[in-house]
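Side chains are part of it too, since the values below use all heavy atoms of this structure and drop only hydrogens, waters and symmetry mates. Just so we're clear, the structure is a prediction, and the values are computed from it rather than from any experiment. Each residue takes its place number in the sequence, starting with 1.
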Amino acid sequence: MPSAANLFRDVSRAGPHAQITLAQNKRYAIRRLSELTPAGLAHAISSVELSQKTSEGDQASLYLFLGSSSKVNNWDYQHSIPYAMLNARSPIPFVQDFHGDFLRLTLPSSSGSFTIDDLRTRQFNDKTSSVMLVDRWKNGKPEKTISARSTFTLGWNGFFLAAIPIIQFIVGGVAISRIQDPLFTWAAFPTSPNLTDSDIYLVASQWFVFHASGIGMNVWLQLYLRFSVSSGRLVINVVDMDRYVWPGTGQGQMYQALDGNKGSIISGLQTASTALLQTDPLHIACDDVYLLPGTQPDSKATVNESSLGDALDDVTIVLENPRLPF
């Protein structure tokens, strides 16, 4: 049988329930808040059962998402501003599908089922607002995992250093400095303009100070990057950009400058992003690429596992069947 998860409102697999099944040819199966609500399961799941087909090494993982992040506080602008920018794209304020704190349940290949009769034992009772089921190591293919936060922070700092002259030239009349490290998170199965339901995007957020006419303005740029494979090679496309300017003198003019030059900025950043593909670990050939929230294991589980994470903390890039470029 295919990988599947049963979701129950009450403990001991009782009460109203729903099933999510992963099709043989699909990487993900999902349930949004809007799909859990009619069954009375939104923020009301108390027990789960994860089951799996017996196949060539596939490993099933079930992700239960809270929809908001415990990392966000009013004074931590590195997290709170990017989270607010993502929230502005959410159809339901302050509850984002497939985002925030999550509980991951992992069932090794050929292990039958993994049951948690009471999610209080995992500190996730009555919290779930959306669900994602995914198989890793499909059809026994090897995988390589890359933590965006651990692997790319230094490289991305270099990327933004290269991007600053581009933005300065396009916007004109400003000097730009970077504040803190970039924040990496994701937008999964979004319903926003310019982003399609079938895709998951790595989101890189960077805090800058733009100095114009003697005034320093705090500006956050949030880039949406789509990973794909073409002819066996990894491809990164900058598909959209959000911006936030701290309220104050010059805010309106800065919004106009950024919005009026959005297309040129994205095009310039796309050129700069190609440099990332020339460095390890992305200078590699593979059959497929997909994304997972947080920092995920790079080896198969041998027993049933569960762990807590936060989608605002990191993104894991998974390369399927990685090999040296040809």
Side-chain angles (χ1 to χ4, degrees), residues 28 30 32 63 65-72 76-102 130 132 145-153 155-157 159-160 163 167 178-208 219-228 234-245 258 262 265-266 268-270 272-273 276-277 282 289-296 309-318:
Y28 308 96
I30 60 175
R32 300 178 183 275
Y63 294 82
F65 293 93
L66 176 64
S68 59
S69 173
S70 58
K71 287 184 172 293
V72 174
D76 180 4
Y77 299 133
Q78 186 186 28
H79 288 89
S80 63
I81 297 298
Y83 175 77
M85 294 168 71
L86 286 169
N87 187 62
R89 286 182 177 255
S90 177
I92 301 176
F94 309 112
V95 179
Q96 301 175 43
D97 286 337
F98 320 112
H99 211 271
D101 296 347
F102 64 80
S130 57
M132 182 180 78
T145 60
I146 302 169
S147 161
R149 183 189 62 193
S150 299
T151 306
F152 291 152
T153 295
W156 221 274
N157 287 342
F159 163 77
F160 279 114
I167 301 172
R178 188 175 55 83
I179 307 297
Q180 296 185 339
D181 289 330
L183 179 75
F184 297 103
T185 183
W186 76 346
F189 318 108
T191 57
S192 306
N194 302 329
L195 307 178
T196 64
D197 288 351
S198 61
D199 290 323
I200 296 179
Y201 302 87
L202 185 147
V203 182
S205 303
Q206 180 63 58
W207 179 4
F208 297 97
V219 176
W220 283 260
L221 296 183
Q222 194 163 70
L223 308 178
Y224 295 78
L225 297 102
R226 182 177 184 271
F227 285 71
S228 61
L234 194 62
V235 178
I236 303 176
N237 290 308
V238 182
V239 299
D240 205 1
M241 182 187 81
D242 282 337
R243 78 291 180 267
Y244 176 77
V245 181
L258 292 171
K262 179 177 177 178
I265 293 173
I266 290 177
L269 295 180
Q270 177 66 53
S273 71
L276 289 173
L277 295 176
L282 289 180
V289 58
Y290 64 99
L291 304 182
L292 295 172
T295 305
Q296 299 300 326
D310 192 330
L312 199 63
D313 186 53
D314 195 6
V315 179
T316 296
I317 302 159
V318 187

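Residue Leu86 comes nearest to Trp186 through the heavy atom pair CD1-O, 4.4 Å, listed as atom of the first residue, atom of the second, then distance. Contact between Pro190 and Leu195 at its shortest, heavy atoms only, is CG-CB, 3.5 Å. Here the closest non-hydrogen pair linking Ser130 and Arg32 is CB-CA, 4.3 Å. The two residues Thr316 and Gln296 have their closest heavy-atom pair at OG1-N, 2.9 Å. Closest approach of Ile266 and Val238 over heavy atoms only: CG2-O, 3.4 Å. The two atoms that bring Ile179 and Phe208 nearest to each other are CG1-C, 4.3 Å, heavy atoms only.
Taking 4.5 Å as the limit, some side-chain heavy atom of Phe65 sits within range of a side-chain heavy atom of Met132. You'll find the side chain of Leu291 reaches within 4.5 Å of the side chain of Ile317, heavy atoms only. Residues Gln222 and Arg243 form no side-chain contact, since every pair of their non-hydrogen atoms from C-beta on lies 4.5 Å or further apart. Using a 4.5 Å heavy-atom cutoff, the side chains of Asp242 and Arg89 are in contact. No side-chain heavy atom of Pro82 sits less than 4.5 Å from a side-chain heavy atom of Val203. Inter-residue side-chain proximity for Leu292 and Val318 is flagged as met; some heavy-atom pair is nearer than 4.5 Å. With contacts defined as side-chain heavy-atom distances shorter than 4.5 Å, the pair His99/Leu312 qualifies. Residues Val239 and Tyr201 form a side-chain contact, since some pair of their non-hydrogen atoms from C-beta on lies under 4.5 Å apart.
Without hydrogens or angle criteria, Ser68 side chain to Phe94 main chain gives no donor-acceptor distance under 3.5 Å.
Separating the CD atom in Gln180 from the CG atom in Asp76 is a distance of 7.5 Å, to the nearest 0.5 Å. From Trp220, atom CH2 reaches atom CE of Met85 across 9.0 Å, with rounding to the nearest 0.5 Å. Taking CD1 of Ile236 as the start and CG of Leu202 as the end, the distance is 8.5 Å to the nearest 0.5 Å. Asp97 contributes atom CG, which lies 8.0 Å from atom CD1 of Ile30 (distance to the nearest 0.5 angstrom). The CG atom of Leu225 sits 8.5 Å away from atom CG of Asn237, with the distance rounded to the nearest 0.5 Å. For the atom pair Met241 CE and Leu258 CG, the distance stands at 5.5 Å (nearest 0.5 Å).
Taking the six-membered ring for Trp and thresholds of 30 and 60 degrees, Phe189 and Phe98 have ring planes more than 60 degrees apart, a perpendicular arrangement.
When only modelled atom types and interatomic distance are considered, Ser90 and Asn87 share no side-chain donor-acceptor pair under 3.5 Å.
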Show, in sequence, the C-alpha distance, side-chain angles and deciding distance for Tyr290 and Phe227, and conclude whether the ring-ring contact (aromatic ring centres under 6.0 Å, His included) test is met. CA-CA 7 Å; Tyr290 64 99; Phe227 285 71; over 10 Å; no

Would you check, one step at a time, whether the test side chain to side chain contact (heavy atoms under 4.5 Å, CB included) holds for Val219 with Trp207? CA-CA 6 Å; Val219 176; Trp207 179 4; over 6 Å; no

Under the criterion side chain to side chain donor-acceptor pair (under 3.5 Å), I'd like the reasoning laid out for Tyr224 against Asn194: C-alpha separation, chi angles, the key distance, then a yes or no. CA-CA 10 Å; Tyr224 295 78; Asn194 302 329; over 6 Å; no

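Checking Asp181, Asp313, Asp310 one by one against Arg149, the salt bridge (charged side-chain N to carboxylate O under 4.0 Å, His left out) holds for a single residue, Asp313.
Using a cut-off of 4.0 Å between Lys/Arg side-chain N and Asp/Glu carboxylate O, Lys262 and Asp240 are scored as salt-bridged.
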